[in-house]
Amino acid sequence: MAIAKTGILVLDCTEPAPLADFYAQFLGGEARIGSSPDYIEVVEGGRIHLAIRRDPGAAPASWPRPDDSQQAHLHFLVPEDNMDEAEREAVALGARPLETRENHGPYDARRYADPAGHPFVLAASEGHALGQAN
């Protein structure tokens, strides 16, 4: 019998509190101290969505990076008709656009860096992919 496990994506940065606040606001959750003040969890609905960990030597990822592949990025699914609103929200909270292009419709994907420089994508999704009925 398998032991129950939960996967959590942990982002490293030099200042975890502001980054945890960014994601808590963006995801509609709350930031709470985890096992130490250097480890903050972003929680919504009683579930941990991601965690932020202090690493004094953390350096932001770059995107695109032609000489090397990106290691990982966050991918947020957003209803297609809410992409502009999600973009405004992310930028107002401190996200920085990494790529700007006119790309609307079902294949819309917009790339940003969070306040600590981690890349993420807002990707258009149909309602059923977000657990909503069509």
Side-chain angles (χ1 to χ4, degrees):
M1 182 164 118
I3 297 171
K5 298 168 187 72
T6 300
I8 300 170
L9 176 65
V10 179
L11 298 174
D12 293 341
C13 67
T14 57
E15 294 296 327
L19 188 60
D21 287 341
F22 168 82
Y23 280 111
Q25 290 180 52
F26 185 66
L27 296 172
E30 65 176 297
R32 70 176 186 205
I33 302 295
S35 55
S36 83
D38 291 336
Y39 184 87
I40 302 174
E41 299 168 339
V42 177
V43 180
E44 187 274 323
R47 298 180 60 206
I48 299 170
H49 287 281
L50 60 102
I52 314 297
R53 184 184 73 91
R54 182 183 312 276
D55 177 354
S62 63
W63 185 348
R65 192 158 78 184
D67 58 333
D68 199 355
S69 65
Q70 66 183 0
Q71 295 177 3
H73 69 276
L74 296 166
H75 204 89
F76 296 104
L77 301 177
V78 177
E80 183 181 333
D81 56 349
N82 293 114
M83 288 289 288
D84 290 339
E85 183 179 344
E87 177 178 55
R88 284 190 297 274
E89 180 182 29
V91 170
L93 290 169
R96 177 178 47 86
L98 293 176
E99 179 180 80
T100 57
R101 60 185 164 130
E102 204 56 38
N103 184 26
H104 296 283
Y107 304 106
D108 193 357
R110 304 175 191 186
R111 292 162 179 82
Y112 305 88
D114 68 24
H118 301 101
F120 71 92
V121 172
L122 298 178
S125 177
E126 295 181 23
H128 69 275
L130 298 173
Q132 301 169 355
N134 285 336

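All figures in this text were calculated on a predicted structure; none of them were measured in a lab.
- Residues Y112 and F76 fail the side-chain proximity criterion, which asks for heavy atoms closer than 4.5 Å.
- The heavy-atom pair separating A58 from T14 by the smallest distance is O-CG2, 3.9 Å.
- Closest approach of F26 to A90, counting heavy atoms only: CE1-CB, 3.7 Å.
- Closest approach of P119 and L98 over heavy atoms only: CB-CD1, 4.1 Å.
- Note that NE2 of H75 and CZ of R111 are 8.0 Å apart. Values are rounded to the nearest 0.5 Å.
- Linking ILVMFWY side-chain heavy atoms closer than 4.5 Å, directly or via other members, places L93 and I40 in two distinct hydrophobic clusters.
- In this pair, F120 and Y23 present their aromatic rings perpendicular. The plane angle is above 60°, beyond the 30 to 60° band.
- In this view, A116 and C13, L19, D114, H118 satisfy the side-chain contact (heavy atoms from CB on, under 4.5 Å) rule, not counting sequence neighbours.
- Looking only at side-chain heavy atoms (C-beta outward), E80 and D108 stay at 4.5 Å or farther from each other.
- E87 approaches R110 most closely through the heavy-atom pair OE1-NH1, 3.1 Å.
- Each side chain to side chain donor-acceptor pair (under 3.5 Å) pair with one or both residues in residues 46-58, not counting sequence neighbours, appears once here: D12-R53, D38-R54, E44-H49.
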Taking only distance into account, with no hydrogens and no angle test, what donor-acceptor pairs under 3.5 Å do side-chain atoms of residues 27-34 form with protein atoms, sequence neighbours excluded?
from: R32; atom 1: NE; to: E41; atom 2: OE1; distance (Å): 3.2
from: R32; atom 1: NH2; to: E41; atom 2: OE1; distance (Å): 3.4

